[in-house]
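Please read all numbers here as calculations on a predicted model, not as lab measurements.
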Amino acid sequence: MSLRHAVLGLLAASPASGYDLMKTFDLSLAHVWPATQSQVYGELNKLTAADLIEVASHGPRGRKEYAITKAGLAELHHWLTEVEPVGPQRHDGLLRVFFLGALTPLEARTYLLQQAERSARAHADYRALADAGDWEGETLAVYGRIALEFGLRQTAMVEEWANWAAAEITSDQARRSREAAGATAGEQGPEHEPEQVSEQAQARIQEYGTELDQPRGREQARKRQQ
């Protein structure tokens with residue numbers, strides 16, 4: 001997705017000024033495709049120069065209202081029907097999960113519980129947006145509500161997964177893997193020092209009210225949201 005097509009899509013719903021478009025971005029698209037004021041106004045200039053939109057009317061204090069042209073509608077239709085969507089190819093947070101074995105179990109568990117808390121906060125933000133929005137009448141509102149539902153379900157899923165993953169760190173399988181790795185390291189070199197848990201990790205675990213053998217991170221995270 002590009003900012004160009006986001007602007008075209010909004011103008012296809014109804015003519016709007018740059019100020020109107022920014023309001024819509026802030027209220028509806030911020031979690032999908034955020035944009036700054038300079039980016040939006042810059043894109044309006046580019047789209048006008050490409051004859052994909054036009055100035056439909058002028059208002060006080062230099063206000064311009066833009067409308068999509070036939071060429072702009074054709075470009076939007078082409079993008080919607082013929083251009084393959086590009087999903088995220090890199091996920092920094094998930095990449096780190098692959099290497100949590102380099103941390104102590106407490107530190108790894110803390111990292112995952114932090115992900116759960118972030119997802120819980122994001123879910124609460126989506127819920128507030130859903131409750132505050134007017135989702136009746138306009139076509140854009142109907143499909144905007146559908147897109148918002150994706151955010152609600154995704155954040156709920158990530159929170160559930162992160163809490164599950166935190167509990168997995170204390171599973172029997174994880175313990176056996178750590179013991180096997182420790183035994184192999186002992187055969188290959190001098191005995192390693194016992195694991196030391198950082199003060200920061202200890203503080204995070206205490207904050208969530210969790211222990212290695214008693215995962216309660218999900219319950220605590222929910223209480224923090226109330």
Side-chain angles (χ1 to χ4, degrees), residues 1 28-34 84-133 144-189 191-226:
M1 180 179 176
S28 302
L29 298 181
H31 296 288
V32 178
W33 199 263
E84 187 72 19
V86 178
Q89 300 298 313
R90 295 179 176 135
H91 193 305
D92 178 76
L94 196 55
L95 177 63
R96 298 180 190 209
V97 173
F98 278 91
F99 307 116
L100 289 182
L103 303 178
T104 67
L106 280 174
E107 289 172 326
R109 188 173 168 78
T110 298
Y111 172 82
L112 291 164
L113 291 176
Q114 287 173 337
Q115 303 311 302
E117 184 183 26
R118 291 190 185 98
S119 294
R121 289 199 302 266
H123 186 84
D125 290 341
Y126 279 124
R127 175 54 60 196
L129 183 58
D131 294 341
R145 181 64 180 84
I146 293 174
L148 180 61
E149 185 66 23
F150 174 84
L152 285 166
R153 297 188 186 201
Q154 183 188 52
T155 50
M157 180 276 293
V158 172
E159 182 190 2
E160 181 179 3
W161 165 83
N163 280 298
W164 167 83
E168 280 295 296
I169 291 176
T170 64
S171 67
D172 291 340
Q173 180 179 356
R175 287 194 180 97
R176 287 195 297 269
S177 296
R178 287 194 294 271
E179 290 170 359
T184 301
E187 294 173 358
Q188 295 177 347
E191 185 176 347
H192 288 88
E193 294 293 327
E195 286 185 336
Q196 298 296 321
V197 180
S198 69
E199 293 183 3
Q200 182 181 9
Q202 289 279 21
R204 293 299 299 174
I205 291 294
Q206 186 175 9
E207 178 182 354
Y208 277 98
T210 58
E211 298 176 358
L212 278 175
D213 60 349
Q214 188 177 0
R216 292 187 292 138
R218 185 178 182 83
E219 177 185 354
Q220 295 296 325
R222 290 195 179 281
K223 288 181 179 180
R224 289 165 63 86
Q225 295 300 317
Q226 297 175 354

Distance check, rounded to the nearest 0.5 Å: [X] atom [atom1] versus [Y] atom [atom2]?
{"X": "M157", "Y": "F150", "atom1": "CE", "atom2": "CZ", "answer": "8.0 Å"}
{"X": "L94", "Y": "Q115", "atom1": "CG", "atom2": "CD", "answer": "9.5 Å"}
{"X": "E159", "Y": "Q154", "atom1": "CD", "atom2": "CD", "answer": "13.0 Å"}
{"X": "E168", "Y": "R109", "atom1": "CD", "atom2": "CZ", "answer": "10.5 Å"}

_Considering only residues two or more places apart or on different chains, which pairs with a residue in residues 94-104 satisfy salt bridge (Lys or Arg N to Asp or Glu O under 4.0 Å)?_
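Matches after skipping sequence neighbours: D92-R96.
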
_Using the side-chain hydrogen bond (donor to acceptor under 3.5 Å, both in side chains) criterion, which residues pair with S119? Sequence neighbours excluded._
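With neighbours one apart ignored, the set is empty.
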
*Are any non-hydrogen side-chain atoms of L103 and L100 less than 4.5 angstrom apart?*
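Of all side-chain heavy-atom pairs linking L100 with L103, at least one is under 4.5 Å.
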
_Is any side-chain heavy atom of V97 closer than 4.5 Å to one of Y111?_
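They are in side-chain contact.
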
_Non-neighbouring partners of R127 that pass side-chain contact (heavy atoms from CB on, under 4.5 Å), sequence neighbours left out_ =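 side-chain contact (heavy atoms from CB on, under 4.5 Å) list for R127, sorted by chain: A130, D131, R145, L152.
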
*How close do L112 and A162 get, heavy atom to heavy atom, and via which atoms?*
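It is O-CB, 3.4 Å.
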
